[in-house]
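One structure is given here, and the rest of the page talks about it.
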Amino acid sequence: MAFKFDFTQQQLAQIIPGNPYLDHWYEALCKILPDYEIDTPRRVAAFLAQCSHESGGFRALKENLNYRPETLVRLWPSHFPNIEVANQYAHNQEAIANRAYANRMGNGDEASGDGFRYCGRGLIQLTGKDNYQAFADSIQTPVEEVPEFLGTFEGAIQSACWFWENANLNTCADNADILTMTKKINGGTIGLEDRTNKFHQALQIFGG
Amino acid sequence: MKKLLLALALVFAVPATYAATETKQVCHPAKDKSGKPIKNKDGSVKQNCKTIKVHKKVDSTALPTTPPKK
């Protein structure tokens, strides 16, 4: 399996400028993307644009939940209904994840620790036990090994590729439909302008 | 002769197409909203099964804990 165009490390350097692990990312992308048929200029441009937006230029592979009390109340009013409750959790990422992600996406209750165990990881921030389990099944690996795998170059990319394949995002990429793609990844349209700009920039770098 | 060639082409081409995507059936215990396993009438745990695409898990390299010096 190979790309259907000349994808070079110099091109990647322009798409994620200043990334300290460019060699590792390039090698891992070449190893994994073609296996998921992310192999044309449009598909690779869309994948890199979305992943770059989600991970801050391939820098953040784990969700940052270091929130102030006011932010917790604003983001999850049902879990943090007032400042008094939020004060007990503020800046404690493990406790925040366990409460905010309890009893959904296949996670157990707050005491189970699933919220933090299965918090957002990888280039597209895989979240929740159901998603971790589905990804684990796809690579025929025990789900317990997935959190550590997602913290590696290859795991971060392969989890994003799994999501990409399941959400049929190659079709969106072929149609240059960044809006639909963003809705599937983000659940809304947060960052649509940046994602679109990154897509067109990458496409231009590829000469497409 | 043309028909024979067409038949041979189909015999070899079709499996090659399907071989590109490996699939597998996976089953997990069905759970209710509270997370408890749902049981069948015979007392066995109900299974949710589906066919999924599978890929080889790639050998991985952990990110260094400290960024490289420039």
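By convention in this document, chain letters (A, B, ...) are assigned in the order of the sequence lines, proteins followed by strands, and residues within each chain are numbered from 1. Below, each value reflects all heavy atoms present in this structure, side chains not excepted, and no hydrogens, waters or symmetry copies. The structure displayed is predicted, hence computed values, not measured ones.
With a 4.5 angstrom heavy-atom cutoff, A:E27 does not touch chain B via any of its atoms. With a 4.5 angstrom heavy-atom cutoff, B:K53 touches chain A via backbone and side-chain atoms both. Both the backbone and the side chain of B:V58 come within contact range of chain A, with heavy atoms under 4.5 Å apart.
Of the listed residues (B:L63, B:D59, B:V54), the greatest number of heavy-atom pairs within a distance under 4.5 Å of chain A belongs to B:L63. With chain A as partner, the option from B:V26, B:T61, B:T23 having the largest number of non-hydrogen pairs under 4.5 angstrom is B:T61. Ranked by heavy-atom pairs under 4.5 Å with chain B, the first of A:D109, A:N107, A:D137, A:L61 is A:D137.
Note: A:F58 and A:W25 have perpendicular aromatic rings, judged against thresholds of 30 and 60 degrees for the angle between ring planes. Using cut-offs of 30° and 60° on the angle between ring planes, the pair A:W76 and A:F80 is tilted.
Atom-to-atom distance recorded for A:N131:CG and A:F163:CZ is 7.5 Å, nearest 0.5 angstrom.
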Start with the C-alpha distance between A:W164 and A:F47, add both sets of side-chain angles, then the distance that settles ring pair (Phe, Tyr, Trp, His ring centres under 6.0 Å), and finish with yes or no.
CA-CA 8 Å; A:W164 196 266; A:F47 182 85; 5.2 Å; yes

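At most 12 heavy atoms of other shown residues, nucleotides or ligands fall within 6.0 angstrom of atom CD in A:E148.
Using a 4.5 Å cut-off between non-hydrogen atoms, no part of residues 41-51 of chain B approaches chain A.
With 3.5 Å as the limit, one finds no donor-acceptor pair spanning the side chains of A:H53 and A:N186.
Listed by chain and number, the residues in a side-chain contact (heavy atoms from CB on, under 4.5 Å) with A:Q14 are A:I205 (sequence neighbours excluded).
Taking the side chain as every heavy atom from C-beta outward, A:K184 and A:Q50 never approach each other to under 4.5 Å.
Screening A:F7, A:F3, A:F153 for a ring pair (Phe, Tyr, Trp, His ring centres under 6.0 Å) with A:Y26, the sole residue that qualifies is A:F7.
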